[in-house]
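Everything on this sheet refers to the single structure shown next.
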Amino acid sequence: MKEGTNKTGTIISVALITMLLQAVFTNAFNVARHTPFQRPPLASCGPTRRRIQVAASIRLFSSDSDINTVEGNEKVENKTDPLEEYRNKSNRRDQVFSAISGDGGIKVTVCTIRNLVNDFMIQQTMTQVPSEALGRTMTCALLMANGIQDEQVVQITIKSDGPLRGVVGIANGKGELRGYVGTPALGEMPLTEAVGKGLVQIVKNHPAWPRPYNGITAIRHGDIDRDVGIYLAESEQRSCALAAATSINGILCNAAGGYLIEQLPDVDPNVVQQVEQNLAKLVEMDGGEKLPTNLLLNGVTPLEIVETILAGLDMQPLQQMEPTLSCECNEERLFRALRMLPREEVEDILEKEEEISARCHFCGTEYRMTPPELRKRLDEAKGDPTRIGKTWEEVVDDEETEPSK
């Protein structure tokens, strides 16, 4: 009797184990059906749907793997966006982005500098027209400086007879900018009237160069970007298309930026024709007179503008950077300027003024020196104040260690 009972218990145990194994394999099969390749719609996932969406959005900022584990054994596949690092949603940050066509014949550089223009407006207390002039000048300088060596500098000077009294914009290869206008506060008037007639001067320099490169052309339009484009075509013989514009409402810059399209040597004529067609589409997309202002206002980013211009030409990203304000002013520069004056003139100034003060045109910083302090420093100063490229301490050290002749 006991023996029969044992056999029956064994049979029942085997049956239970078989049922358990079937349940395990059934669950495993159901899990397999919900793999990333055959997962059910997110709408049917209930509370899991939100977690999957969040995981998918976070995935865009990760480059470790193409598959994320969301919950338990469930995995969601998201391919990494190869252009994610160049995206700039709604142009929230200032950006310079450049790319080249697949055949190497066309280079395109696009920038947005709305935040920088707002900073300039605050630093220099500028009204709308001067802000527009400086914004366009800085955009052109930044576009021209893209791709050069970090230490190299591009300076654009608008020397004109209009009430604006000129504009200066300087950019280097690191995307550092500074600039100023002659008259920060002007009433409402067309930009061309504010600029007037005169010259466009472009200076390119590098600390290792024996002398800077200098080019000059006449102002023909007064809207700055077209005049700089004429300079590039006539003085540097560069085949290019340049546009720069701003959108300023009162004391706020809503958009600022531009693009530079450069035709490189030995480019295929068919590629040039394609770029011309793409550029026509871009103009139509903007729909305004100050290209590419409307595009920037609508949140079109530099990457998207480049993609439009190089559509069908296998765009290859080159570089991106975030431009910054950078001023090189300091108290030593004020002292150097005073040293370059005859001592008699300096003494005359000291007798009439309680202190010597100077305000930086670029950043607005004000420096002050009292007469006793200035006299003491003038008496102790050594070296030639016209020597540029070294600090005063380096100049003095060089002269002290220089062998006598």
Side-chain angles (χ1 to χ4, degrees), residues 110-144 155-171 177-202 216-235 240-260 279 282-298 300 361-362:
V110 182
C111 72
T112 172
I113 58 168
R114 181 194 68 234
N115 299 321
L116 287 178
V117 173
N118 279 312
D119 291 340
F120 278 120
M121 294 175 69
I122 294 172
Q123 286 183 349
Q124 303 182 28
T125 319
M126 293 189 297
T127 55
Q128 180 173 341
V129 176
S131 300
E132 183 174 0
L134 185 58
R136 292 188 179 207
T137 304
M138 297 307 306
T139 297
C140 293
L142 190 59
L143 293 172
M144 291 177 61
Q155 176 175 324
I156 300 176
T157 304
I158 307 297
K159 298 181 177 180
S160 57
D161 59 3
L164 190 63
R165 295 171 51 202
V167 192
V168 175
I170 304 174
L177 302 172
R178 63 184 188 274
Y180 69 90
V181 295
T183 307
L186 278 180
E188 294 186 7
M189 65 179 69
L191 177 60
T192 55
E193 180 181 336
V195 172
K197 301 297 182 182
L199 300 173
V200 176
Q201 181 182 27
I202 309 293
I216 298 176
T217 57
I219 294 176
R220 299 182 187 175
H221 299 282
D223 53 6
I224 297 177
D225 58 327
R226 280 198 292 176
D227 293 310
V228 174
I230 291 173
Y231 161 82
L232 292 174
E234 293 185 355
S235 184
C240 60
L242 172 67
T246 60
S247 176
I248 298 173
N249 184 11
I251 59 173
L252 180 66
C253 176
N254 296 320
Y259 62 77
L260 175 62
L279 188 56
L282 188 74
V283 173
E284 183 178 353
M285 289 169 54
D286 184 84
E289 298 181 354
K290 299 194 299 182
L291 186 72
T293 305
N294 288 339
L295 293 173
L296 297 174
L297 284 172
N298 291 326
V300 180
H361 288 296
F362 295 102

Considering only distance and modelled atom types, tabulate donor-acceptor pairs under 3.5 Å from the side chains of residues 181-199, sequence neighbours left out.
{"from": "T183", "atom 1": "OG1", "to": "P163", "atom 2": "O", "distance (Å)": "2.9"}

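- Nearest heavy-atom pair, A256 versus T246, reported as atom, atom and distance to 0.1 Å: CB-CG2, 3.7 Å.
- Partners of T157 under the side chain to side chain donor-acceptor pair (under 3.5 Å) rule, at least two apart in sequence or in another chain, are Q155.
- Here the closest non-hydrogen pair linking G135 and V117 is CA-CG2, 4.0 Å.
- The ring pair (Phe, Tyr, Trp, His ring centres under 6.0 Å) check on H361 picks up Y180, with sequence neighbours excluded.
- If you take CD1 on I251 and CD on Q128, they are separated by 11.5 Å, rounding to the nearest 0.5 Å.
- Rounding to the nearest 0.5 angstrom, the gap separating the CD1 atom in I156 from the CD1 atom in I224 is 9.0 Å.
- How far CD of Q123 is from OG1 of T125: 9.5 Å, rounded to the nearest 0.5 Å.
- Here N298 pairs with nothing under the side-chain contact (heavy atoms from CB on, under 4.5 Å) rule; sequence neighbours left out.
- A side-chain contact (heavy atoms from CB on, under 4.5 Å) with S235 holds for exactly one of I216, T217, I230; it is T217.
- For N294, the side chain to side chain donor-acceptor pair (under 3.5 Å) criterion is met by no residue, not counting sequence neighbours.
- Shown here are the side chain to side chain donor-acceptor pair (under 3.5 Å) partners of D225, two or more places apart in sequence or in another chain: R136.
- The side-chain contact (heavy atoms from CB on, under 4.5 Å) check on T112 picks up N88, N91, Q95, L296, P302, with sequence neighbours excluded.
- To the nearest 0.5 angstrom, L295 atom CG is 9.0 Å from Y259 atom OH.
- Of the possible donor and acceptor atoms, one in the side chain of Q124 sits under 3.5 Å from a partner among the backbone N and O of F362.
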side-chain contact (heavy atoms from CB on, under 4.5 Å) between I248 and N254, worked out: CA-CA 6 Å; I248 298 173; N254 296 320; over 6 Å; no
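- Atom CG of L291 and atom OG1 of T293 lie 7.5 Å apart (nearest 0.5 Å).
- In terms of the side chain to side chain donor-acceptor pair (under 3.5 Å) criterion, residue partners of Y231 (sequence neighbours excluded) are, by chain and number, E236.
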Starting from the C-alpha separation in whole Å, work towards a yes-or-no answer on side-chain contact (heavy atoms from CB on, under 4.5 Å) for M138 and I113. CA-CA 9 Å; M138 297 307 306; I113 58 168; 4.2 Å; yes
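- Remark: D286 pairs with no residue by the salt bridge (charged side-chain N to carboxylate O under 4.0 Å, His left out) rule, at least two apart or across chains.
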side-chain contact (heavy atoms from CB on, under 4.5 Å) between L232 and L260, intermediate numbers included: CA-CA 11 Å; L232 292 174; L260 175 62; 4.3 Å; yes
V168 and T137: side-chain contact (heavy atoms from CB on, under 4.5 Å), yes or no, with the steps? CA-CA 7 Å; V168 175; T137 304; over 6 Å; no
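- In terms of the salt bridge (charged side-chain N to carboxylate O under 4.0 Å, His left out) criterion, R114 has no residue partners (sequence neighbours excluded).
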